[in-house]
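Below, each value reflects all heavy atoms present in this structure, side chains not excepted, and no hydrogens, waters or symmetry copies. All values derive from a computational prediction rather than experimental measurement.
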Amino acid sequence: MAVPLQLHCYYFYLSRGLNVIAKRSQLIVPVIGIARSNSFSCSSQSLHQTVSLHSHSHCQDYDYAPFNFNSDDPTLPQFLELLKKVAHSSPQAEGLHLSGFQANRDLVCSAIWALREQWKPALLAFKLNCHVNDEKVCNLMIWVLATHGQFSTAWCIIRDMHRSSFSTRQAMLIMIDRYASANNSAKAIQTFNFMDKFRLTPDQEAFHALLSALCKHGNVEEAEEFMLVNKKLFPLETEGFNIILNGWCNITKDVYEAKRVWREMSKYCITPDATSYSYMISCFSKEGNLFDSLRLYDQMKKRGWIPGIDTYNSLVYVLTRENCLKEALRTIDKLKEQGLQPGSATFNSMLIPLCEAGKLAEARIILNTMVEENVSPTTETYHAFFEGTDYQGTLEFLSRMKGSGLGPNKDSFLIILAKFLKLKQPINALKIWAEMKTYDVVPSCVHYRIMVEGFVTCKWFIKARDFYEEMISNGCSVDPKLNKLFQKEVLDIGDKGKQNVKKAISYKSEIF
């Protein structure tokens, strides 16, 4: 059994922070260590898989789903509450201790995950796991820290993983993704080049992971440049170009750049595959370019590539958007003939453009068809209707959304409030604001900002000022943009008042 190692670098970094807090609170915190555990024999690859979350928090890019977080542990809520109190304790805090808890691996990992939006208490939980800190636990903590910009602490954990002969490959890939997420493409690339320092080979899989991370977070130009600069080390091939295509087509949605990369593939003698065609058809579809979408679809079939469900969804969208609903329905019949089944994404591809165009009668027919075919509506389905319905229709779909167990959530109300304020219907916006309480949705700072800006646009200055003051009193930071907006409107009103006075004086002089 390996002996737990003290994280010297880690302790040094925290010496002025959490360690002091722990002492103040008389928290029993053992020496942090990393030790191999035989409790979990799952392979590194399966444990470290990262998949997209549907959460709307800022910690949304990875979910360590293969690990059992034991969220039903009856001691977890109390454990979390104590961690939060200790992490934010004052010098006068009285003795809190966790001696009553058996801080096993499951409980600590569950706590770290539950506290992923609060890195300080999560870090305290990590410190308690001195006996069985393994790669999985460390990677989870690294992700939490890096997501909150605590890169120095995350690197300390990686260095100690390396000293303990743990694989740091997944940890490095997490750091690459988090740097890209923080819009620091230079650091992401530097981390990739730094892999060999940890006895890791920056192979093609890691190379593609770097390109994907850069593209996913909008740094497509940097990803493409890095791919071309390193073409001697990593020869150009279809998969690499597909990552870049996906960035231009589906992340930045720049059809001009996507067409340029398509030509570059031909220049480098790279043959497009089914994925390449799917991305380009998706790009043209979003632009409403029906001709090129159908042209590439025909070309794809002639070259022997079988269209997948994503390709058909793109065609359904562009056909519906360009007023070819019958052809869109025929396309659905065609994909069924190919052995594919239309899902919620397929029906949403029709509902979204129909609602955007205000064709609510047709949209309701499609929704009924969707339900008849046992395809469940999604959050995106209801959000599409929120974009196009009037006040009564909005109430109806809010109720239906709740009945289906999908919300409504904070994003739902952001869409609705923005819509009514854009339509210069502040009264309806206020009614919807009241409805938020009915659905147990607490307004965020973003909701307040939308309301304040909308009221100013609608010339409801008193109500705008009231909402702004309430926003500040609820803990939101002062918004310089809103302050300038108020000042501008006051100046505009003053200028108009002066002009009216001048007109009145001029009018009197003409009479007399």
Side-chain angles (χ1 to χ4, degrees), residues 49-57 60-63 65-66 71-72 250 278 281-282 285-286 307-321 325-419 432 435-436 438-441:
Q49 280 180 342
T50 52
V51 294
S52 178
L53 275 179
H54 298 290
S55 165
H56 293 283
S57 70
Q60 63 183 354
D61 295 301
Y62 289 104
D63 178 10
S71 58
D72 295 331
N250 297 316
S278 177
I281 291 170
S282 170
S285 170
K286 292 184 181 77
I309 190 67
D310 290 338
T311 301
Y312 282 112
N313 289 347
S314 296
L315 292 177
V316 166
Y317 175 83
V318 71
L319 285 166
T320 307
R321 175 173 167 171
L325 185 58
K326 289 182 180 180
E327 286 76 6
L329 292 170
R330 290 195 193 102
T331 301
I332 292 180
D333 293 334
K334 190 180 295 182
L335 71 88
K336 289 179 181 178
E337 293 171 2
Q338 299 294 325
L340 300 172
Q341 288 299 318
S344 57
T346 307
F347 286 100
N348 287 341
S349 296
M350 284 189 286
L351 289 171
I352 292 172
L354 286 173
C355 291
E356 286 176 349
K359 299 178 180 179
L360 297 177
E362 291 93 332
R364 285 179 179 273
I365 293 172
I366 298 300
L367 179 61
N368 292 335
T369 304
M370 182 179 184
V371 175
E372 288 170 4
E373 296 196 12
N374 295 318
V375 178
S376 300
T378 64
T379 300
E380 190 177 20
T381 307
Y382 292 108
H383 284 182
F385 278 97
F386 290 150
E387 292 278 8
T389 53
D390 58 11
Y391 177 71
Q392 291 301 325
T394 299
L395 294 181
E396 174 197 343
F397 282 101
L398 280 172
S399 178
R400 291 179 67 167
M401 191 176 188
K402 183 178 182 180
S404 65
L406 292 173
N409 55 34
K410 292 187 177 184
D411 287 345
S412 307
F413 285 100
L414 283 176
I415 292 169
I416 298 167
L417 293 172
K419 174 189 68 176
I432 293 297
E435 287 290 325
M436 291 176 70
T438 306
Y439 292 97
D440 298 322
V441 175

Next item on the list: Start with the C-alpha distance between S314 and T311, add both sets of side-chain angles, then the distance that settles side chain to side chain donor-acceptor pair (under 3.5 Å), and finish with yes or no.
Entry: CA-CA 5 Å; S314 296; T311 301; over 6 Å; no
### Intermediate values then yes/no, side chain to side chain contact (heavy atoms under 4.5 Å, CB included), L329 and M350
CA-CA 9 Å; L329 292 170; M350 284 189 286; 3.9 Å; yes
- Task: Decide yes or no on side chain to side chain contact (heavy atoms under 4.5 Å, CB included) for Q341 and T346, but give the supporting numbers first.
- Result: CA-CA 9 Å; Q341 288 299 318; T346 307; over 6 Å; no
- Task: With side chain to side chain contact (heavy atoms under 4.5 Å, CB included) as the test, would you mind laying out the steps for L414 and D411 before giving the verdict?
- Result: CA-CA 5 Å; L414 283 176; D411 287 345; 3.8 Å; yes
| said: Test salt bridge (charged side-chain N to carboxylate O under 4.0 Å, His left out) on E337 and K334; report intermediate values, then the result. | reply: CA-CA 5 Å; E337 293 171 2; K334 190 180 295 182; over 6 Å; no
Chi angles and distances behind the side chain to side chain contact (heavy atoms under 4.5 Å, CB included) call for L351, E380: CA-CA 10 Å; L351 289 171; E380 190 177 20; over 6 Å; no
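Atoms OG1 and NZ, on T320 and K359 in that order, are 9.0 Å from each other to the nearest 0.5 Å. Remark: F397 CZ to E387 CD distance equals 13.0 Å, nearest 0.5 Å. Put simply, CE on M401 and CZ on F386 are 5.5 Å apart, with the number rounded to the nearest 0.5 Å. Here CZ of F347 is found 5.0 Å from CD1 of I332. Values are rounded to the nearest 0.5 Å. Here OH of Y317 is found 7.0 Å from CD1 of I352. Values are rounded to the nearest 0.5 Å. Taken to the nearest 0.5 Å, the CD1 atom of I366 stands 10.5 Å off from the SG atom of C355.
N348 and T381 get closest at one heavy-atom pair: OD1-OG1, 2.6 Å. Across every non-hydrogen atom of P408 and K402, the tightest pair is CD-CB, 4.2 Å. The two residues P342 and V375 have their closest heavy-atom pair at O-CG2, 3.7 Å. The nearest pair of heavy atoms linking N313 to A345 is ND2-CB, 3.8 Å. When all heavy atoms of Y312 and Q338 are compared, the pair lying nearest together is OH-CG, 3.5 Å. Contact record, V371 with P377: CG2-CG, 4.4 Å, taken as the closest heavy-atom pair.
One N or O on the side chain of T331 and one on the backbone of E327 form a donor-acceptor pair closer than 3.5 Å. Between the side chain of S282 and the backbone N or O of S278 there is no donor-acceptor pair closer than 3.5 Å. In terms of modelled atom types and a separation under 3.5 Å, the side chain of R321 and the main chain of A357 share no donor-acceptor contact.
Side-chain contact between S412 and Y439 is absent, with no heavy atoms from C-beta onward closer than 4.5 Å. Residues T389 and E396 form no side-chain contact, since every pair of their non-hydrogen atoms from C-beta on lies 4.5 Å or further apart. Proximity of T394 to K419: side-chain heavy atoms (C-beta onward) are separated by under 4.5 Å at one or more points.
Evaluation of the side-chain hydrogen bond (donor to acceptor under 3.5 Å, both in side chains) rule for S349 yields no partner, not counting sequence neighbours.
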